[in-house]
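Below is one structure, written out as structure tokens, with a few remarks after it.
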Amino acid sequence: MFVDEVNLELIAGSGGNGCTAFRREKYVAMGGPFGGDGGKGADIIFKADTGLNTLLDLRYQKKYIGEKGANGEGKNKDGANASDMIIKVPVGTVVTDMKTNEIIADLIKPGQTAVIAKGGRGGRGNTSLRTKSNTAPNYSENGEEGEKKEVKVELKLLADVGLVGLPSVGKSTIISCLSASRPKIAAYHFTTLSPNLGVVKARNGKTFVMADLPGLIEGASLGAGLGDKFLKHIERCKIVAHVIDMGKTEGRDPFEDYELINKELADFDKRLLEKPQIIIANKMDVEGSIDNLKDFKKKIKDIKIFEVSAATKTGLQEVADYLQEMLENMTEEEIIENETIEEHKVYKYEKKEPFTIYKEDDVWVIEGAEIEKMFKMTKFASDEDEYRFANRLTKLGVDDKLKELGAQDGDQVRILDFYFDFKD
Ligand SMILES: Nc1nc2c(ncn2[C@@H]2O[C@H](COP(=O)(O)OP(=O)(O)OP(=O)(O)O)[C@@H](O)[C@H]2O)c(=O)[nH]1
Ligand SMILES: [Mg+2]
């Protein structure tokens, strides 16, 4: 089974908690701080693996949870970092954050890795939290939570040339003649249900990768036939090669076929039409094909047309040689333009407002990733803890903002599920 899209839930490992401990030595009533830091939580990392060519493995497990870092201990013993979780994916995998719709990774090289969900840092122990003004803090931090992400994982094949056309025009027959790929070939529509890749050799010995894509029909971009499920693979191809049944074996008009496919490409993504194209006029062994081609040529300008018969294996090597030369002559810009058909915003970080405040019934609610993180990393085990937390809120401007909004002494304030009183 060929699977080229899955949605996953990822929860990276949380950091281990820091430790509050004190040195206890002979003849010393209370020594200095002695609590170690927590270890870092596991990152969830995707790695492009050449041994895979579908996302099938990811289909069975939809949720991944990274290991937590170990807690810090007394005697300044830091907790161990958790081992990162590595998820192997095929080369050509694109990962999109479903919340923001941003592409967060595009793994196009074998062995390439990307951190998709970051593990939390370990909480600091009281040794690390020493400051000049507080040399023996009686508090330590909880570990930071691991990043949570819902991602769409898509495989977009990396082929130099994509064969596109209506069903049964001979796409699979062509790739089987030109490469070692052996897809199923048959006279019925939608014989090919998933893309096939083949390495094609030109006469000068150089090679390139060709993709045989499932047949497209009218309305494919709206889901007809096998739908647009496979159109995305064309995004990555540098050249689009139309395969057209010039023998009219199914009674259709070749020019209408050509226009229909272009329309489906454009409806999926206009930029697909900016890719260089060639036309492979197939089934030239069929009676009437020569006249059909003559009519066809009258309506087509500027696009190279090759006359071939995949059935009798004629004319195909010329196609391979031409495509190889075209690829070789494509400028770096043309290729880059081609490959960056989608805007790649990898790890775009926006500094957001640290918090927002609103009133819910009689309670002031403070929300914000930074404050919530601070809250979760605070243990609230001692007065000192609470004092430190309150201090940090003041520093961030929470008190001023509350006052500005009209908060009164004794009003209730909530952060997540924690309530406290506002003191002016
Ligand atoms: N006469 C003739 N028949 C051909 C030629 N090329 C392919 N065929 C036949 O056309 C039919 C369809 O060929 P396929 O290669 O399976 O077509 P396809 O475009 O891959 O079709 P789908 O996978 O369904 O989209 C088969 O019966 C082939 O034998 C050709 O050059 N001449
Ligand atoms: Mg086929």
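Atoms within a ligand are numbered from 1 in the order they appear, just like the ligands themselves.
Taking a cut-off of under 4.0 Å to the non-hydrogen atoms of Tyr188, the atoms of ligand 1 that pass are 24 (O). Shown in contact with Ala187 at under 4.0 Å from a heavy atom are these atoms of ligand 1, numbered in order with element: 27 (O). Here is the list of ligand 1 atoms found below 4.0 Å of a heavy atom in Asp285: 1 (N), 2 (C), 30 (C), 31 (O), 32 (N). Numbered from 1 in the order shown, with element, the atoms of ligand 1 that lie under 4.0 Å from a heavy atom of Val286 read 1 (N). Listed by atom number, the atoms of ligand 1 under 4.0 Å from Phe190 heavy atoms are 24 (O). Counting atoms of ligand 1 from 1 in the listed order, those under 4.0 Å from a heavy atom of Ser309 are 31 (O). Less than 4.0 angstrom separates some heavy atom of Val169 from each of these atoms of ligand 1: 17 (O), 19 (O). Each of the atoms 11 (C), 12 (C), 13 (O), 16 (O), 26 (C), 27 (O) of ligand 1 lies under 4.0 Å from some heavy atom of Ala186.
Of the protein's non-hydrogen atoms, the one nearest atom 22 (P) of ligand 1 is Ser168 N, 3.6 Å. Here the heavy atom of the protein found nearest to atom 17 (O) of ligand 1 is Gly170 N, 3.2 Å. What sits closest to atom 23 (O) of ligand 1 on the protein, heavy atoms only, is Thr192 OG1, 2.7 Å. Nearest protein heavy-atom neighbour of atom 28 (C) of ligand 1: Ile185 CG2, 3.8 Å. In terms of protein heavy-atom proximity, atom 18 (P) of ligand 1 is closest to Lys171 N, 3.5 Å.
Smallest separation of non-hydrogen atoms from Leu316 and Ala310: CD1-CA, 4.0 Å. Residues Ala211 and Leu197 approach most closely at CB-CD2, 3.6 Å, considering heavy atoms.
In Met284, neither the side chain nor the backbone holds a heavy atom less than 4.0 Å from any atom of ligand 1. With a 4.0 Å heavy-atom cut-off, ligand 1 is reached by the side chain of Asn282 but not by its N, CA, C or O.
An N or O contact shorter than 3.5 Å links Thr173 to ligand 1 by distance. Any N or O atom pair closer than 3.5 Å counts here, and Pro167 shares no such pair with ligand 1. For the pair Gly215 and ligand 1, the shortest N or O to N or O distance falls below 3.5 Å. For ligand 1, the polar-atom distance check finds no N/O of His189 at less than 3.5 Å from any of the ligand's N/O atoms.
For the pair Met210/Leu178, a side-chain contact is recorded, criterion being any heavy-atom separation below 4.5 Å from C-beta on. You'll find the side chain of Ile234 reaches within 4.5 Å of the side chain of Val164, heavy atoms only. A 4.5 Å side-chain heavy-atom check between Glu256 and Lys299 finds every atom pair outside the cut-off.
Distances from atom 3 (N) of ligand 1 to the heavy atoms of Lys313, Glu287, Lys283 put Lys283 nearest.
Between Phe375 and Phe380, the gap from one ring centroid to the other is short of 6.0 Å. Less than 6.0 angstrom separates the ring centroid of Phe420 from the ring centroid of Phe418.
Within 6.0 Å of NZ in Lys379 there are more than 12 heavy atoms belonging to other residues, nucleotides or ligands.
Remark: the Ser140 side chain and the Asn126 side chain contain no N/O donor-acceptor pair separated by less than 3.5 Å. Side-chain N/O atoms of His242 and Asn262 include a donor and acceptor closer than 3.5 Å.
With 2.8 Å as the limit, Ser172 counts as an N, O or S neighbour of the Mg ion (ligand 2). The Mg ion (ligand 2) has no N, O or S atom of Thr191 inside 2.8 Å of it.
Taken from CG in Asn81 to CG in Asp43, the straight-line distance is 9.5 Å, to the nearest 0.5 Å.
Cation-pi geometry between Lys304 and Tyr322 is met: under 6.0 angstrom from the ring centre, within 45 degrees of the axis.
Residue contact annotation: Gly247 has no non-hydrogen atom under 4.0 Å from ligand 1.
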- Message: Walk me through whether Lys206 and Glu325 qualify under salt bridge (Lys or Arg N to Asp or Glu O under 4.0 Å).
- Response: CA-CA 9 Å; Lys206 295 186 180 163; Glu325 204 181 305; over 6 Å; no
- Message: With side-chain contact (heavy atoms from CB on, under 4.5 Å) as the criterion, how do Leu58 and Tyr64 come out once you've worked through the C-alpha distance, each side chain's angles and the decisive distance to 0.1 Å?
- Response: CA-CA 10 Å; Leu58 299 184; Tyr64 291 82; 3.5 Å; yes
